[in-house]
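These notes are about the structure you will find just below.
Here the structure is a predicted model, which means the values were calculated and not measured.
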Amino acid sequence: MDFLIETLKNASLHIHAVWLAIAYIAVILAMAVDFIAGLRKAKEAGQVTTSRALKMTTEKATKYFLPMLCLSCIDVLTSVVLPAPFFTMLMGAFNIFCEWKSVLESTHDKQELREAANTFNVIVKNKDDIAAIVTQAMEMMAKKQEIESKRPVINFSETDEQP
């Protein structure tokens with residue numbers, strides 16, 4: 001047991017702790033920047049900021065920090081071999097990249113995505129009406145083809161000369 005404790009002391013866990021703290025703080029700062037940018041963009045677009053939309057930030061934090069916490073445990077275990085907590089730092093870099101992409105997305109693009117989702121929801125809700133319309137359209141097309149097939153076909157060939 002003493003050997004394990006001495007090995008962990010020599011692995012300079014304090015350096016790992018500093019790198020872990022930097023990774024977590026950087027992700028928190030990136031989330032704060034995205035949050036502020038999102039509020040600003042919503043205000044510019046005239047959208048109401050609801051508590052449901054604000055709660056999405058906590059859901060995002062959960063999605064970011066739970067994997068980072070697991071990777072931090074792995075980094076502590078591998079601190080004997082690895083000089084820094086690479087797994088947590090990689091996950092933190094990925095999370096920061098995601099936040100950066102979110103900040104760069106325009107409100108217009110997000111609005112188009114929302115409108116497409118709303119259109120799809122309307123289609124799903126009215127699927128019975130749409131099915132009836134499609135059925136009627138197919139029946140009308142079948143009747144039209146039937147009528148056209150009964151018409152006499154007049155074929156003027158190129159060899160027939162007309163005065």
Side-chain angles (χ1 to χ4, degrees), residues 3-141 144:
F3 173 73
L4 180 63
I5 293 172
E6 286 300 318
T7 305
L8 289 176
K9 282 182 184 176
N10 292 335
S12 59
L13 285 178
H14 62 283
I15 294 173
H16 272 66
V18 169
W19 280 111
L20 288 172
I22 289 171
Y24 281 94
I25 290 170
V27 171
I28 290 170
L29 288 175
M31 287 181 64
V33 168
D34 181 48
F35 182 76
I36 292 168
L39 288 176
R40 185 183 54 87
K41 288 177 185 179
K43 185 178 179 181
E44 287 175 3
Q47 297 173 345
V48 178
T49 307
T50 62
S51 63
R52 182 178 170 274
L54 296 175
K55 288 178 187 176
M56 288 173 35
T57 301
T58 58
E59 291 173 13
K60 186 181 355 179
T62 302
K63 290 178 184 176
Y64 284 174
F65 291 123
L66 286 179
M68 281 183 71
L69 184 61
C70 292
L71 291 173
S72 295
C73 292
I74 293 171
D75 282 328
V76 168
L77 292 174
T78 59
S79 64
V80 176
V81 180
L82 297 175
F86 293 116
F87 298 116
T88 304
M89 292 189 317
L90 284 173
M91 186 67 185
F94 175 74
N95 292 340
I96 293 169
F97 174 75
C98 291
E99 291 298 307
W100 177 66
K101 291 291 284 182
S102 178
V103 169
L104 292 182
E105 288 175 347
S106 70
T107 306
H108 179 71
D109 295 340
K110 291 181 181 181
Q111 184 64 28
E112 285 180 356
L113 290 173
R114 279 190 219 101
E115 289 174 4
N118 288 338
T119 302
F120 184 72
N121 287 336
V122 168
I123 290 171
V124 169
K125 287 179 183 175
N126 299 319
K127 65 182 178 213
D128 296 331
D129 296 339
I130 292 172
I133 291 170
V134 169
T135 304
Q136 288 176 355
M138 290 174 61
E139 289 173 357
M140 290 174 59
M141 288 173 40
K144 183 178 177 184

Could you grab the distance from atom [atom1] of [X] to atom [atom2] of [Y], nearest 0.5 Å is fine?
| X | Y | atom1 | atom2 | answer |
| --- | --- | --- | --- | --- |
| Thr58 | Lys63 | OG1 | NZ | 10.5 Å |
| Arg40 | Lys43 | CZ | NZ | 11.0 Å |
| Leu66 | Met68 | CG | CE | 11.0 Å |
| Leu71 | Thr78 | CG | OG1 | 10.0 Å |
| Thr57 | Lys55 | OG1 | NZ | 12.0 Å |

| Set of residues satisfying ring-ring contact (aromatic ring centres under 6.0 Å, His included) with respect to Phe65, sequence neighbours excluded |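 Partners of Phe65 under the ring-ring contact (aromatic ring centres under 6.0 Å, His included) test: Tyr24.
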
| task | Name all residues meeting the ring-ring contact (aromatic ring centres under 6.0 Å, His included) criterion together with Phe97; count only those two or more places apart in sequence or in a different chain, and write none if there are none. | result |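 Partners of Phe97 under the ring-ring contact (aromatic ring centres under 6.0 Å, His included) test: Trp100.
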
So which heavy atom on [X] is nearest to which on [Y], and how close?
| X | Y | answer |
| --- | --- | --- |
| Asp34 | Lys60 | OD2-NZ, 2.5 Å |
| Met91 | Pro67 | CE-CB, 3.7 Å |
| Leu82 | His16 | O-CE1, 3.3 Å |
| Ala30 | Glu99 | O-OE1, 3.6 Å |

| task | Answer yes or no: is there a side-chain heavy-atom contact under 4.5 Å between Met31 and Val27? | result |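 With C-beta onward as the side chain, the pair touches.
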
| task | Might you confirm whether atom OH of Tyr64 has over 12 heavy atoms from other residues, nucleotides or ligands at distances under 6.0 Å? | result |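 Yes, OH of Tyr64 has more than 12 neighbouring heavy atoms, counting only those of other groups under 6.0 Å.
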
| field | Neighbour count above 12 (heavy atom, 6.0 Å) for Phe94 CZ | value |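 No, the 6.0 Å shell around CZ holds no more than 12 heavy atoms from other groups.
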
| For residues 84-97, which residue pairs qualify under side-chain hydrogen bond (donor to acceptor under 3.5 Å, both in side chains), counting only residues two or more places apart or in two chains? |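 Of all non-adjacent pairs touching residues 84-97, those that pass side-chain hydrogen bond (donor to acceptor under 3.5 Å, both in side chains) are Ser72-Thr88, Asp75-Thr88.
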
